[in-house]
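Report on the following structure.
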Number of protein chains: 2
Amino acid sequence: MVAKRGSPGDVRLLVRISQLYYRMHLSQAQIGEQLGLSRFAVGRLLERALEENIVRIEVVHPAARLVDLEDRLVGRFGLDAALVADVPAASGDAADDLARDAVAELAADLLAQRRPGGVIGVSWGRTMLAVARKLAQGWTSATEIVQLNGAASRSDQPTRVGEILERFASTSGASFRGLAAPAIVGSAALRDALMRDPAIRETIDLARTATTAVFGLGIPAPDSPHLASGFVDEAEQARLRSMGAAGDVIGRFLGADGQVAWPELDARTIGLSLAELASKPLRMGIAAGAGRGPIALAAIRARVLNVIACDESTAEWVLTHG
Amino acid sequence: MVAKRGSPGDVRLLVRISQLYYRMHLSQAQIGEQLGLSRFAVGRLLERALEENIVRIEVVHPAARLVDLEDRLVGRFGLDAALVADVPAASGDAADDLARDAVAELAADLLAQRRPGGVIGVSWGRTMLAVARKLAQGWTSATEIVQLNGAASRSDQPTRVGEILERFASTSGASFRGLAAPAIVGSAALRDALMRDPAIRETIDLARTATTAVFGLGIPAPDSPHLASGFVDEAEQARLRSMGAAGDVIGRFLGADGQVAWPELDARTIGLSLAELASKPLRMGIAAGAGRGPIALAAIRARVLNVIACDESTAEWVLTHG
DNA sequence: TTCGATAGTGCACATATGAGCATGGATACT
DNA sequence: AGTATCCATGCTCATATGTGCACTATCGAA
């Protein structure tokens, strides 16, 4: 007669079987033979040992947290993939640089894994530069790299759009095409006029054919390259923020709900539209650094991205507030 | 291209696969499908996750310690079984009572599990009384219960040998037979004379046919019922201890090496010999309470037991000193 | 006592996993 | 450049495990 369920000897049997199975790596049949039980009985007792928490199986690596965040982002928002970087939660410019690098590495890894071909559209900014610098030789077989949106010509900080395009192209053997125009101009009319310029138009048309887009998620800080380009004065910047702009995607500012924050300003913005962006099969948005939570959530809601790369605190903000 | 071994993305893959496998309970094939890997690759990565301690599987129940001690006792000394009771390591008479009860319960459980038949030999003492009181109705189909060694007639503490035999018998439907003689007498000649007495001889002969023996392991304390029976005076008791007697098994005192400590005294002892005891297929020795380590080890070395039941501190002592 | 409910048992069969091996692609060394 | 070596890969085949089911022992209530 075997010890009854719930008796002290019963737990001991579960413990013994668990140790034989998980520690000694005996088969259930061997254990059964040794203890005079059928292999079925052993299997069922092992199942009970698991149920009753006599055996604990856990994923203990620190990265487990991050993978968990990724899975929750994918599950909650129906994304294609999510990458959450392991970044100590510090603040300051140095910490932001670290976060950018870590997130950029993940983004570059994912691109290499997916090996997107054809035309790839890219935006610019510090984050995109970090990604460009992490790309390994031969990461893709793409044929052409194209700039998705205008670059500030008068920014105090160089936008480095040239280096970004050049690196994306040189590491992959693709050619590249820049967009020789400001991000945001003074009026919708001027924007429309520029968009009709043949060189600009050709680039935008090429960008429309891209099946992959990679872009950073920006915040409306006073030193944002978009806002500092000279066509958006301080009053307009203040108005933008007061309208609840969470940040920008390829130069276009979104509110927390994922809608364009200020349509009139959007009409003065040069580059692919958000609707066009949202139609790409692979569109990766990258958010690194403090305060990126709102724009990340807005971009997710707008569905302008289906792959997000961000740091831990951004991921947590999004999951908390989304 | 999959992330290279050692790269950060590699660990993340291991973590993700581990979570899908151990937490979500997907099959390796499903995981492979989902991540674009063969099921073999998934299996190998899971193996690596285990090797690299990304996944930890442990038996967490408090009883695991005890089961571990049991396994080590069985393995180290080639026993048939070992039972280690979960007893808080306290000292004092109350603690000893608790330990005795806990060990007795395990011993009774094991007996019920083995269901020994035929003739069962038993010794007496506080430990055996505790075992007798734990026996459940119908624990065995044995036909006869027989006393293995003489009982002190003049002990200050009643030996309760009657109750022990009666309980062993009444819970199993067996009849019982006592041994109406002292444990130790004054001379070998007197011992031999008693052993020739028909009633005593019959009981001993019956005990020789027993295939199962259950007995306590005693220590040579001044209040030991064996020593207090009147035939061993204080000088002899002191001599016994000075000869290094670790304790007794069915009234026969053993040295630390498992040899009979004092052959002349042994020749004055009534009951089964240790060699006869050691030939039984199932012979369970029970040691509960402080200071039982040495006699437990001695009994193991003498092979007079092949099943031991003891408390945690005794088990640890034996493993440390054996 | 008799009956029904319940939980445990062993089985046949389907599925999942592991082991050994041949292959191919990369690396390092000459 | 040529070549030896090392690994990772995916295969086949053997083993191990899980599932659903029919059967039985046990226990409590009528």
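Reminder, nothing fancy here: chain letters follow the sequence lines and each chain counts from 1. Side chains included, hydrogens not; waters and symmetry mates left out as well; all remaining heavy atoms used. Note that the structure is predicted; figures quoted are calculated from it, not measured.
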- Taking N and O atoms by type only, does the side chain of B/Arg44 place a donor or acceptor under 3.5 Å from a partner on the base of C/dG18? no
- Would you indicate whether the side-chain heavy atoms of A/Thr140 and A/Leu111 approach each other to under 4.5 Å? no
- With sequence neighbours excluded, tell me which residues meet side chain to side chain contact (heavy atoms under 4.5 Å, CB included) with B/Asp97. B/Arg100
- Task: Could you pull out the closest heavy-atom pair between B/Val214 and B/Met128, with the gap in Å?
- Result: O-CE, 3.4 Å
- Counting heavy atoms not belonging to B/Glu58, are there more than 12 under 6.0 Å from its CD? yes
- Taking CG from B/Leu46 and P from D/dT17, how many angstroms apart are they, rounded to a whole number? 16 Å
- Using only side-chain N and O atoms of A/Gln28, determine if any of them is under 4.0 Å from OP1 or OP2 of D/dG18. yes
- Task: Using atom CZ of B/Arg48 as one end and atom C1' of D/dT9 as the other, report the distance to the nearest whole Å.
- Result: 14 Å
- May I ask you to verify if any side-chain N or O of B/Tyr21 is less than 4.0 angstrom from the OP1 or OP2 atom of C/dT17? yes
- Query: Whole Å only: how far is the NE2 atom of B/His25 from the P atom of D/dT19?
  - Reply: 11 Å
- Query: With respect to the phosphate group of C/dT9, does any side-chain polar atom (N or O) of A/Ser38 fall under 4.0 Å of OP1 or OP2?
  - Reply: no
- Message: Between B/Arg114 and B/Asp80, does any NZ, NE, NH1 or NH2 come within less than 4.0 Å of an OD or OE carboxylate oxygen?
- Response: yes
- Would you kindly give the CZ-to-P distance between A/Arg39 and C/dG8, to the nearest whole Å? 19 Å
- With DNA chain D as reference, determine whether A/Glu47 or A/Gln30 sits nearer its 5' end, using the nearest nucleotide of each. A/Gln30
- Message: Report for the helix from C/dT1-D/dA30 to C/dT30-D/dA1: angle between first-end and last-end helix axes, five pairs each, rounded to 10 degrees.
- Response: 30°
- Message: Nearest to the side chain of B/Phe40, heavy atoms from C-beta on, is which of D/dT17, C/dT17, C/dG18?
- Response: C/dG18
- Between OG1 on residue B/Thr127 and CD1 on residue B/Ile164, distance to nearest 0.5 Å: 9.0 Å
